[in-house]
Asker: 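There's a structure below that I have some questions on.
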There are 2 protein chains.
Amino acid sequence: MNIQFKKGVLELCVLSTLSHKDCYGYELVQTLSADIKISEGTIYPLLRRLKNDGYVETYLQESSGGPPRKYYKLTQEGAAMEASLQDEWKRFARAVEHLIEGGGLHE
Amino acid sequence: MNIQFKKGVLELCVLSTLSHKDCYGYELVQTLSADIKISEGTIYPLLRRLKNDGYVETYLQESSGGPPRKYYKLTQEGAAMEASLQDEWKRFARAVEHLIEGGGLHE
DNA sequence: CAGGGTACATCGGAATGCAAGGTAGTGTGT
DNA sequence: ACACACTACCTTGCATTCCGATGTACCCTG
């Protein structure tokens with residue numbers, strides 16, 4: 001899988017997943033990797049960034065069989081960001097589709 | 001337009017455009033920018049990379065009203081790369097679509 | 001002869017993802 | 001008791017790609 005394609009998109013994927021339910025970091029790696037491979041070295045700095053920007057909040061929860069899990073919860077700003085990014089992505093994907101199908105010509 | 005989304009995709013767009021007809025760098029900037037903004041500072045290093053990797057060949061052609069144009073022509077390897085990248089892109093776009101629609105769940 | 005369009009090119013900075021490495025807790029096999 | 005694997009967190013350095021700024025040079029128009 002082309003690494004470059006993922007740039008910026010993983011942020012959208014994380015926000016989108018969190019818009020359905022709260023998740024902890026390790027869980028996000030497992031869940032997202034079913035569709036798009038993402039490594040721990042990517043997710044943790046990304047989640048830290050999202051928290052710093054106010055798009056998510058965190059809370060700890062004990063776990064049987066491992067250290068406590070840090071859950072991430074979408075804020076209102078995060079939900080707005082998710083919607084915005086999703087819209088941007090769809091417009092971008094359409095533009096690419098247009099270019100690779102039509103060769104950028106008006107057909 | 002989210003800059004990060006473009007990472008790696010511009011290479012596909014350039015190869016795809018060249019698969020329809022030979023172009024010179026400045027022309028590619030104008031053509032592609034109708035759909036996806038791309039700057040000269042991006043296209044020239046990209047074209048050099050494609051040439052170094054053997055995906056394109058170049059030839060000069062005089063122009064009325066400006067310096068000579070350096071045309072880029074797709075090689076066989078370039079055409080194969082274009083097909084491969086296009087396939088990768090489509091699978092990637094489907095995976096993203098699946099994630100942001102279904103939230104990564106099996107629905 | 002100044003300014004704008006054409007057309008090439010390079011450089012440094014910013015953003016992002018990854019592999020590799022580190023810390024701990026829990027459970028299983030021998 | 002001890003090694004190993006799995007869970008779960010985290011950081012650091014590296015590679016890649018894109019952009020804005022900048023530079024060169026040609027041609028035409030006012």
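Numbered from 1 within each chain, the chains take letters A, B, ... in sequence-line order. Worth saying up front: this structure is predicted, and the values here are computed from it rather than measured.
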Asker: On a heavy-atom basis, which atom in B:K37 and which in B:K6 lie closest, and how many Å separate them?
Answerer: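 What the structure gives for the nearest pair is O-NZ, 2.7 Å.
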Asker: Does the plane of the ring in A:F5 sit parallel, tilted or perpendicular to the ring in B:F92? Use 30° and 60° as the thresholds.
Answerer: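 The rings of A:F5 and B:F92 sit tilted, inter-plane angle from 30° to 60°.
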Asker: Between A:I36 and A:C13, is there a side-chain heavy-atom distance shorter than 4.5 Å?
Answerer: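 They are in contact (side-chain heavy atoms under 4.5 Å apart), so the answer is yes.
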Asker: Listing request: all side chain to side chain donor-acceptor pair (under 3.5 Å) pairs with a residue in residues 44-56 of chain B, at least two apart in sequence or in separate chains.
Answerer: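 For residues 44-56 of chain B: B:K51-B:T58.
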Asker: Using a strict heavy-atom distance below 4.0 Å, which residues from residues 3-11 of chain B are in contact with DNA chain D?
Answerer: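 Residues of residues 3-11 of chain B under 4.0 Å from DNA chain D: B:I3, B:K6, B:K7, B:G8, B:L10.
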Asker: Can you get from A:L50 to A:V29 by hopping between Ile, Leu, Val, Met, Phe, Trp and Tyr side chains that sit under 4.5 Å apart?
Answerer: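 The answer is yes; both residues are in one hydrophobic cluster.
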Asker: Within the structure provided, determine whether A:Y72 and A:D22 are in side-chain contact (heavy-atom separation under 4.5 Å).
Answerer: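 No, side chains not in contact.
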Asker: So what does B:E27 hit on the nucleic acid, given a heavy-atom distance under 4.0 Å: a base, only sugar-phosphate, or nothing?
Answerer: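 It contacts nothing in the nucleic acid.
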Asker: Please list, in numerical order, the residues of residues 55-69 of chain A that have a heavy atom closer than 4.0 Å to any atom of DNA chain C.
Answerer: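 Contacting residues: A:G65, A:G66.
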Asker: For residues B:L28 and B:T17, report the shortest heavy-atom separation together with the two atoms involved.
Answerer: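 Heavy atoms only, the tightest pair is CD2-CG2, 3.7 Å.
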Asker: Heavy atoms within less than 4.0 Å of DNA chain C: which residues of residues 42-51 of chain A have one? Give them sorted by number.
Answerer: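 Heavy-atom cutoff 4.0 Å gives A:T42, A:R49.
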Asker: Within the side chain of B:T75, is there an N or O that forms a donor-acceptor pair under 3.5 Å with the backbone of B:G54?
Answerer: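 Confirmed, B:T75 side chain pairs with B:G54 backbone.
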Asker: Students often get this wrong, so: under 4.0 angstrom with heavy atoms, is A:G41 touching a base, only sugar-phosphate, or nothing?
Answerer: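 Contact class for A:G41: base.
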Asker: Grab the two heavy atoms, one from A:T42 and one from A:P45, that are nearest each other, plus how far apart they are.
Answerer: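 Shortest heavy-atom separation between A:T42 and A:P45 comes out as O-CD, 3.5 Å.
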Asker: Please determine if B:E27 and B:K21 form a salt bridge, counting it only when a charged side-chain N lies under 4.0 Å from a carboxylate O.
Answerer: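 Between B:K21 and B:E27 there is a salt bridge, with a charged N closer than 4.0 Å to a carboxylate O.
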Asker: Can you tell me how far the SG atom of B:C23 sits from the NZ atom of B:K73, to the nearest 0.5 Å?
Answerer: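 Reported value, rounded in 0.5 Å steps: 12.0 Å.
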Asker: Under 4.0 Å from any heavy atom of chain B: name the first and the last nucleotide of DNA chain C that qualifies, 5' to 3'.
Answerer: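 Answer, 5' to 3': C:dT6 to C:dT16.
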Asker: Reading DNA chain D from 5' to 3', where do the contacts with chain A start and stop? Cut-off is 4.0 Å to heavy atoms.
Answerer: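 With heavy atoms of chain A under 4.0 Å away, the range is D:dT7 to D:dT17.
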Asker: Group every Ile, Leu, Val, Met, Phe, Trp and Tyr by side-chain heavy-atom contacts under 4.5 Å, then state whether A:L47 and A:Y59 land in the same group.
Answerer: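 Yes, A:L47 and A:Y59 fall within the same hydrophobic cluster.
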Asker: I need the A:H98 NE2 to B:D35 CG distance, nearest 0.5 Å.
Answerer: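 It comes to 5.0 Å.
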